[in-house]
Asks: 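I have a structure I would like to understand better, so I am pasting it below and will then ask my questions one at a time.
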Protein chains: 2
Amino acid sequence: MTNHTTHATISVTVDVVLFCMYNTTLHILLIERKYPPYAGAWAIPGGFVDADESLAHAARRELFEETNVSDVYIEQFYTFGDPGRDPRRQSVSVAHIGLCRTPPQLATSDETPQVQWHPLTQLPPVLAFDHHQIIAMAWSRLQAQLESTTIAFELLPTQFTIADVHHVYQQILGESLDFATFQRALTATGTLIPAPDQTQHHFCLKPDLGAGQFIFRWRDARHAIA
Amino acid sequence: MTNHTTHATISVTVDVVLFCMYNTTLHILLIERKYPPYAGAWAIPGGFVDADESLAHAARRELFEETNVSDVYIEQFYTFGDPGRDPRRQSVSVAHIGLCRTPPQLATSDETPQVQWHPLTQLPPVLAFDHHQIIAMAWSRLQAQLESTTIAFELLPTQFTIADVHHVYQQILGESLDFATFQRALTATGTLIPAPDQTQHHFCLKPDLGAGQFIFRWRDARHAIA
DNA sequence: GCAAAAGTGTTGCGAGTACACCCATGT
DNA sequence: ACATGGGTGTACTCGCAACACTTTTGC
């Protein structure tokens with residue numbers, strides 16, 4: 001912060017690993033690159049940060065421009081800046097996790113001929129840049145946050161059954177969980193309230209939940225993650 | 001990643017919140033800024049990323065140039081990029097946690113008239129830029145990692161007693177922990193081995209520990225964090 | 001329509017476990 | 001001062017099974 005000499009010109013980009021429940025399994029959104037480098041390869045959406053724009057805003061904007069997806073939950077999780085990760089120039093990518101509730105309407109643009117959901121367990125063997133690493137880290141971060149945040153509910157409608165939540169947790173963790181125990185642990189968080197205008201069995205999250213108010217205590221889930 | 005138009009020129013900087021046990025309590029390293037903006041205010045060390053340099057390398061280099069501290073553990077934790085966080089220009093700061101084992105020899109430079117340890121619980125009321133927020137987030141991340149990583153051992157010599165570890169954990173969490181329970185939980189991780197060339201009561205970490213191999217299971221510690 | 005089936009939420013129980021607390025011992 | 005173990009009582013976890021209720025399905 002005190003260096004007054006000239007410094008390197010580095011591009012600042014944002015990338016988004018967008019998760020969604022699609023056909024009852026966890027998918028992420030990939031686009032096909034039109035131009036080199038990695039022309040024809042699949043990549044996660046992303047692009048340059050504009051002037052006077054926050055990182056989260058840039059992530060949402062690029063996602064919308066390239067895939068027509070809007071209204072998603074966005075959360076930054078890591079920044080990738082190894083020299084050589086972009087063969088053209090030195091570039092730093094602030095990577096984000098994106099979660100959306102129901103598969104939104106996709107649309108291609110001039111720049112992105114293909115936009116498609118891919119099952120998390122069957123990704124294309126080669127991806128552009130270091131995107132394989134970014135996706136792996138996004139998934140692992142998503143798993144780690146299940147215990148302490150309500151992040152999984154961003155993959156569900158605002159009203160949901162406990163069975164829905166159970167299914168999402170199983171998908172993210174990649175293992176099956178005893179339902180009764182899951183249900184107890186979930187209600188024990190004290191963050192669920194019955195959905196107002198719905199038939200039975202539907203709940204929604206308490207509004208204005210602060211950070212750290214959601215504690216999902218489940219010992220064996222922690223075992224499995226580690 | 002596909003945008004070929006010109007884009008904003010954004011500075012990429014790194015900042016380091018360097019933790020250290022100093023006089024048996026947890027301190028962080030601050031420098032006094034010499035030039036505007038925030039001339040005279042305290043700040044965490046940091047600066048611009050050079051050409052063909054990784055982010056971690058930049059963090060280590062800036063830390064050394066500004067404070068003469070080297071050989072520290074560095075780990076990235078968040079990137080701050082709100083417009084306006086630097087009044088001069090749009091700038092993105094990739095923030096890092098730094099941990100060092102014993103208070104190293106400090107040295108000022110032309111650019112940094114003052115380099116000093118500050119107790120984490122008594123920071124100067126005003127800090128440069130958004131550094132207060134950065135420090136708060138670094139501390140909270142450090143706490144969260146105690147359960148699942150060996151990060152706390154980076155604050156200790158390579159050989160240590162269990163009481164040393166106990167003390168560090170208490171400092172980071174800001175609360176006292178029952179020693180007997182702590183000792184049992186720590187040895188239960190199976191990651192400690194007796195120190196080779198030392199008198200009794202000294203241990204060191206198992207070498208080549210992989211990620212996820214350290215699980216510190218302690219219910220009430222989790223209670224307190226949340 | 002009606003009965004069977006499937007889905008959903010809830011409760012009880014028992015075996016095993018984790019934990020806090022205190023103290024004793026050896027080094 | 002440090003590491004270690006014992007002992008105890010409490011509280012909790014988890015998986016399994018059973019049950020009540022609703023919605024859907026099939027005939």
Side-chain angles (χ1 to χ4, degrees), chain A residues 21 23-24 146-148 152-153 156-171 173 175-206 214-226, chain B residues 21 23-24 146-148 152-153 156-171 173 175-206 214-226:
Chain A
M21 294 302 294
N23 275 347
T24 74
L146 285 187
E147 311 172 34
S148 55
F153 296 88
L156 290 167
T158 48
Q159 303 193 357
F160 46 80
T161 67
I162 296 184
D164 293 334
V165 189
H166 178 235
H167 181 244
V168 167
Y169 268 68
Q170 285 187 146
Q171 281 292 309
L173 291 174
E175 64 174 340
S176 55
L177 308 169
D178 176 75
F179 181 79
T181 311
F182 182 89
Q183 183 266 137
R184 260 190 280 251
L186 184 56
T187 54
T189 63
T191 55
L192 290 192
I193 55 177
D197 55 283
Q198 194 80 13
T199 69
Q200 284 187 327
H201 304 320
H202 279 75
F203 298 85
C204 54
L205 273 183
K206 243 184 201 163
F214 183 86
I215 304 181
F216 196 100
R217 186 178 293 295
W218 199 2
R219 192 204 299 151
D220 277 313
R222 302 193 62 220
H223 261 304
I225 291 173
Chain B
M21 295 301 296
N23 276 348
T24 74
L146 284 188
E147 311 173 40
S148 55
F153 295 88
L156 289 167
T158 48
Q159 303 192 357
F160 46 81
T161 68
I162 294 184
D164 293 335
V165 189
H166 178 236
H167 181 243
V168 167
Y169 267 69
Q170 285 187 145
Q171 282 292 309
L173 291 174
E175 64 173 341
S176 55
L177 309 169
D178 176 74
F179 180 80
T181 310
F182 182 89
Q183 185 267 134
R184 262 188 269 257
L186 184 55
T187 54
T189 64
T191 56
L192 290 192
I193 56 177
D197 54 283
Q198 193 80 13
T199 70
Q200 287 186 325
H201 306 322
H202 280 75
F203 298 85
C204 53
L205 274 183
K206 245 185 203 163
F214 184 87
I215 304 180
F216 197 98
R217 185 179 294 295
W218 200 1
R219 191 204 299 149
D220 278 312
R222 303 195 64 217
H223 261 306
I225 291 172

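Proteins come first, then strands; the chains are lettered A, B, ... in the order of their sequence lines, and each starts at number 1. What you see is a predicted model; the values in this text were computed from it and never measured. Computed over heavy atoms, backbone and side chain alike; hydrogens, waters and symmetry mates excluded.
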Asks: H201(B) side chain: which of dA3(D), dT8(C), dC21(C) is closest?
Replies: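 Between dA3(D), dT8(C), dC21(C), the one nearest the side chain of H201(B) would be dA3(D).
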Asks: Within this structure, what is the CZ-to-P distance between F179(B) and dC19(C), rounded to whole angstrom?
Replies: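 To the nearest whole Å, that distance equals 17 Å.
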Asks: Shortest non-hydrogen contact from D178(B) to H166(B)?
Replies: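 Distance-wise, the nearest heavy atoms are C-NE2, 4.3 Å.
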Asks: Parallel, tilted or perpendicular: which describes the rings of Y169(A) and F182(A), with under 30° parallel and over 60° perpendicular?
Replies: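 Rings of Y169(A) and F182(A): perpendicular, as their planes differ by over 60°.
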Asks: What contact category does F203(B) fall into here, base, sugar-phosphate, or nothing, at under 4.0 angstrom with non-hydrogen atoms?
Replies: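 Sugar-phosphate contact only - F203(B) comes under 4.0 Å of backbone atoms but never of a base.
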Asks: Would you mind classifying the nucleic acid contact of A185(A) as base, sugar-phosphate or nothing, using non-hydrogen atoms under 4.0 angstrom?
Replies: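 Contact class for A185(A): none.
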Asks: Would you say the side chain of L186(B) lies within less than 4.5 Å of the side chain of F214(B), judging by non-hydrogen atoms?
Replies: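 In short, these two side chains touch, coming nearer than 4.5 Å.
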Asks: I need the CG-C1' distance between L186(B) and dA3(D), as an integer number of Å.
Replies: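 Nearest whole value for this atom pair: 12 Å.
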Asks: Send over the distance from D178(A) CG to dA15(C) P, rounded to a whole Å.
Replies: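 Going from CG in D178(A) over to P in dA15(C) covers 18 Å.
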Asks: Taking only side-chain nitrogens and oxygens of T181(B), does any of them come within less than 4.0 Å of OP1 or OP2 of dC19(C)?
Replies: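 No, T181(B) has no side-chain N/O under 4.0 Å of OP1/OP2 on dC19(C).
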Asks: Roughly, in whole Å, what's the span from NE2 in H167(B) to P in dA3(D)?
Replies: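 After rounding, the reported distance stands at 14 Å.
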Asks: Which heavy atom of K206(B) sits nearest a heavy atom of I193(B), and at what distance?
Replies: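 In this case the closest contact between K206(B) and I193(B) is CG-CG2, 3.9 Å.
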Asks: For F182(B) and dC2(D), give me the distance from atom CZ to atom C1', rounded to whole Å.
Replies: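 Distance, rounded to whole Å: 14 Å.
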Asks: Looking only at non-hydrogen atoms, find the nearest pair between L192(A) and F153(A) and report the distance.
Replies: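 Distance-wise, the nearest heavy atoms are CD2-CE2, 4.4 Å.
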Asks: Tell me: CZ of F160(A) to C1' of dG9(C), nearest whole Å?
Replies: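 In whole Å, dG9(C) C1' and F160(A) CZ are 14 Å from each other.
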Asks: Name the nucleic acid region contacted by T161(A), choosing base, sugar-phosphate or nothing; use a 4.0 angstrom heavy-atom cut-off, strictly under.
Replies: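 The residue T161(A) makes sugar-phosphate contact but no base contact.
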Asks: To the nearest Å, how far apart are R184(A) CZ and dG14(C) C1'?
Replies: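 That distance rounds to 12 Å.
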Asks: With a 4.0 Å cutoff (strictly under), does any side-chain N or O of Q183(A) reach OP1 or OP2 of dT8(C)?
Replies: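 So the side-chain polar atoms of Q183(A) never come under 4.0 Å of the phosphate oxygens OP1 or OP2 of dT8(C).
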Asks: Could you state the CG-P distance from D164(A) to dT8(C), rounded to the nearest angstrom?
Replies: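 Answer to the nearest Å: 7 Å.
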